[in-house]
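All values derive from a computational prediction rather than experimental measurement.
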Amino acid sequence: MLEESLLEKLKQHAEYFPKREQAILLCLHEVQNHYGHIPEFALEEVAKILDLPLNHVENVVSFYDMFDRGEPARHRIRVCVSVVCHLMNKDKLIRALKELLNIDFGQVTKDGRFKLLAVQCLGACSEAPFFMVDEDAYKFENKEKLNEVLSRYA
């Protein structure tokens, strides 16, 4: 069961749009921001609020890489692994992240601080290789600068 404050926000989003289902992305973002990921029970609640089949909500969550159903972390690091980032040496970024965090893609650091995720495109090809920490965007320069960026996130 969702907490009352979150439930009220989701209902407000649903009522804002002419068709309830138009609020699906906004509602899913609210849930993820609240819990750090999207728990299974929340999918059912969102489906009820928006009057949608559960499998539709599950499909939306599966389609967008911004949503995470796995183990939560305080911060999500999304690394672009598209062709452009590959050509611009994304492997250096990935090696540096794995060394600094001591985790692989899909894993969470022991302290629960970071989760590392591979995504197909973050829409910043001119900045390749590119990564995001939560909603903050960064161009990878070197391991030292990366460490400096990560140290900003408690």
A.B. asks: I'd like to know whether His37 forms a side chain to side chain donor-acceptor pair (under 3.5 Å) with Asp68, so could you lay out the CA-CA distance, the side-chain angles of the two residues, the decisive distance to 0.1 Å, and finally the verdict.
C.D. replies: CA-CA 5 Å; His37 71 298; Asp68 186 2; over 6 Å; no
A.B. asks: Provide the closest heavy-atom pair for Tyr35 versus Pro72 in the form atom of the first, atom of the second, distance.
C.D. replies: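 That would be O-CB, 4.0 Å.
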A.B. asks: Kindly compute the distance separating CG (Asn89) from CZ (Arg95), expressed to the nearest 0.5 Å.
C.D. replies: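 Answer rounded to 0.5 Å: 6.5 Å.
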A.B. asks: Can you give me the closest heavy-atom contact between Cys80 and Lys90, atom names plus distance?
C.D. replies: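 Minimum heavy-atom contact is O-CD, 3.9 Å.
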A.B. asks: Verify the neighbour count for atom NZ of Lys9: are there more than 12 heavy atoms of other residues, nucleotides or ligands below 6.0 Å?
C.D. replies: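 Atom NZ in Lys9 is not crowded, with 12 or fewer foreign heavy atoms closer than 6.0 Å.
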A.B. asks: Can you check whether Tyr138 reaches Leu146 side chain to side chain, under 4.5 Å on heavy atoms?
C.D. replies: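 No. Closest side-chain heavy atoms not under 4.5 Å.
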A.B. asks: Spell out, yes or no, whether Leu28 and Phe41 are grouped together once hydrophobic residues are joined by side-chain heavy atoms under 4.5 Å, including indirect joins.
C.D. replies: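 Yes.
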A.B. asks: Does Asn102 have more than 12 heavy atoms from other residues, nucleotides or ligands lying within 6.0 Å of its CG?
C.D. replies: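 It does not: Asn102 CG has 12 such atoms or fewer within range.
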A.B. asks: So, do Glu40 and Glu58 sit near enough that their side-chain heavy atoms are less than 4.5 Å apart?
C.D. replies: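 Glu40 reaches Glu58 side chain to side chain.
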A.B. asks: Under 4.5 Å between side-chain heavy atoms, hopping through other hydrophobics if needed: is there a path connecting Leu100 to Met132?
C.D. replies: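 Not linked; separate clusters.
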A.B. asks: Does Asn147 reach the main-chain N or O of Lys143 with its side chain, forming a donor-acceptor pair under 3.5 Å?
C.D. replies: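 Such a contact is absent between Asn147 side chain and Lys143 backbone.
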A.B. asks: Roughly how far, to the nearest 0.5 Å, is NZ of Lys110 from CG of Leu101?
C.D. replies: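 NZ of Lys110 is found 12.5 Å from CG of Leu101.
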A.B. asks: Rounded at 0.5 Å granularity, tell me how far CD1 in Ile24 sits from CZ in Phe17.
C.D. replies: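 Rounded to the nearest 0.5 Å, the CD1-CZ separation comes to 11.5 Å.
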A.B. asks: Backbone N or O of Phe114 within a donor-acceptor pair of the Thr109 side chain at under 3.5 Å?
C.D. replies: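 Pair found, side chain donor or acceptor close to backbone of Phe114.
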A.B. asks: How many angstroms lie between CG in Leu2 and CD in Glu45, if you round to the nearest 0.5 Å?
C.D. replies: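 If we round to the nearest 0.5 Å, Leu2:CG and Glu45:CD are 4.5 Å apart.
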A.B. asks: Does any N or O in the side chain of Arg20 come within less than 3.5 Å of the main-chain N or O of Ile49, such that one atom is a donor and the other an acceptor?
C.D. replies: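 Side chain of Arg20 to backbone of Ile49: a pair is present.
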A.B. asks: Membership question, hydrophobic clusters at under 4.5 Å side-chain separation (ILVMFWY): are Leu26 and Val57 in the same one?
C.D. replies: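 Per the 4.5 Å side-chain linkage, Val57 and Leu26 are not co-clustered.
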A.B. asks: Check whether Leu122 and Val133 end up in the same hydrophobic cluster, where Ile, Leu, Val, Met, Phe, Trp and Tyr are linked by side-chain heavy atoms less than 4.5 Å apart.
C.D. replies: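 Cluster IDs for Leu122 and Val133 differ.
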A.B. asks: In plain terms, say whether Lys98 and Asp104 are close enough for a salt bridge, that is, a side-chain N and a carboxylate O under 4.0 Å apart.
C.D. replies: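 Yes, this pair counts.
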A.B. asks: Side chain to side chain donor-acceptor pair (under 3.5 Å) between Asp134 and Tyr153: does it pass, once the steps are laid out?
C.D. replies: CA-CA 10 Å; Asp134 300 329; Tyr153 297 88; 5.9 Å; no
A.B. asks: To the closest 0.5 Å, what do you measure between CZ (Phe130) and OG (Ser82)?
C.D. replies: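 Result: 11.0 Å between the selected atoms.
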A.B. asks: Under 4.0 Å between a side-chain nitrogen and a carboxylate oxygen: does that hold for Lys115 and Glu71?
C.D. replies: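 So Lys115 does not pair with Glu71 through a salt bridge.
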A.B. asks: Say you draw a straight line from CD1 of Ile94 to CD of Glu99; how long is it, rounded to the nearest 0.5 Å?
C.D. replies: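 If I round to the nearest 0.5 Å, the distance is 12.5 Å.
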A.B. asks: Under a 4.5 Å side-chain heavy-atom rule over Ile, Leu, Val, Met, Phe, Trp and Tyr, are Leu54 and Val61 clustered together?
C.D. replies: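 The answer is yes; both residues are in one hydrophobic cluster.
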A.B. asks: Over all heavy atoms of both residues, which pair between Glu30 and His13 is shortest? Give the atoms and the distance, please.
C.D. replies: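 Smallest heavy-atom distance, with atoms named: OE2-NE2, 3.0 Å.
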A.B. asks: Are Asn142 and Lys92 close enough, and set up right, to give a side chain to side chain contact (heavy atoms under 4.5 Å, CB included), and what steps lead you there?
C.D. replies: CA-CA 8 Å; Asn142 58 50; Lys92 270 188 171 178; over 6 Å; no
A.B. asks: Side chain of His75, backbone of Ala154: donor and acceptor closer than 3.5 Å?
C.D. replies: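 Checking the backbone N and O of Ala154 against the side chain of His75, a donor-acceptor pair under 3.5 Å is found.
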A.B. asks: Considering all heavy atoms of both residues, which atom of Leu50 and which atom of Cys27 are nearest to each other, and what is their separation?
C.D. replies: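 Minimum heavy-atom contact is CD2-SG, 4.2 Å.
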A.B. asks: Does the side chain of Val46 reach to within under 4.5 Å of the side chain of Leu52, using non-hydrogen atoms?
C.D. replies: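 No, their side chains stay 4.5 Å or more apart.
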A.B. asks: Using the rule given for side chain to side chain contact (heavy atoms under 4.5 Å, CB included), can you reason through Gln107 versus Leu116, listing the C-alpha separation, both sets of side-chain angles and the distance that settles it, and then say yes or no?
C.D. replies: CA-CA 6 Å; Gln107 296 179 334; Leu116 187 58; over 6 Å; no
A.B. asks: Ignoring hydrogens, what is the shortest heavy-atom contact between Ile77 and Phe131? Give both atom names and the distance.
C.D. replies: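 Of all heavy-atom pairs spanning Ile77 and Phe131, the closest is CG2-CD1, 4.2 Å.
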A.B. asks: Is there a side-chain contact between Val149 and Asp136 in this structure, where contact means two heavy atoms from C-beta onward sitting under 4.5 Å apart?
C.D. replies: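 They are not in side-chain contact.
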A.B. asks: Do you know the tightest heavy-atom contact between His29 and Phe67?
C.D. replies: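 Shortest heavy-atom contact: N-CE2, 3.7 Å.
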A.B. asks: Please test Val79 against Leu97 for side chain to side chain contact (heavy atoms under 4.5 Å, CB included), starting from the C-alpha separation and ending with a verdict.
C.D. replies: CA-CA 9 Å; Val79 178; Leu97 280 165; 3.4 Å; yes
A.B. asks: Check whether more than 12 heavy atoms from other residues, nucleotides or ligands sit under 6.0 Å from atom CG of Asp111, and answer yes or no.
C.D. replies: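 Count over threshold, so yes.
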A.B. asks: Does the Gln22 side chain pair with the main chain of Lys19, one donor and one acceptor, at a distance under 3.5 Å?
C.D. replies: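 Looks like yes, one N/O pair under 3.5 Å.
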A.B. asks: Given side chains that start at C-beta, do those of Val81 and His86 come closer than 4.5 Å, heavy atoms only?
C.D. replies: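 No, side chains not in contact.
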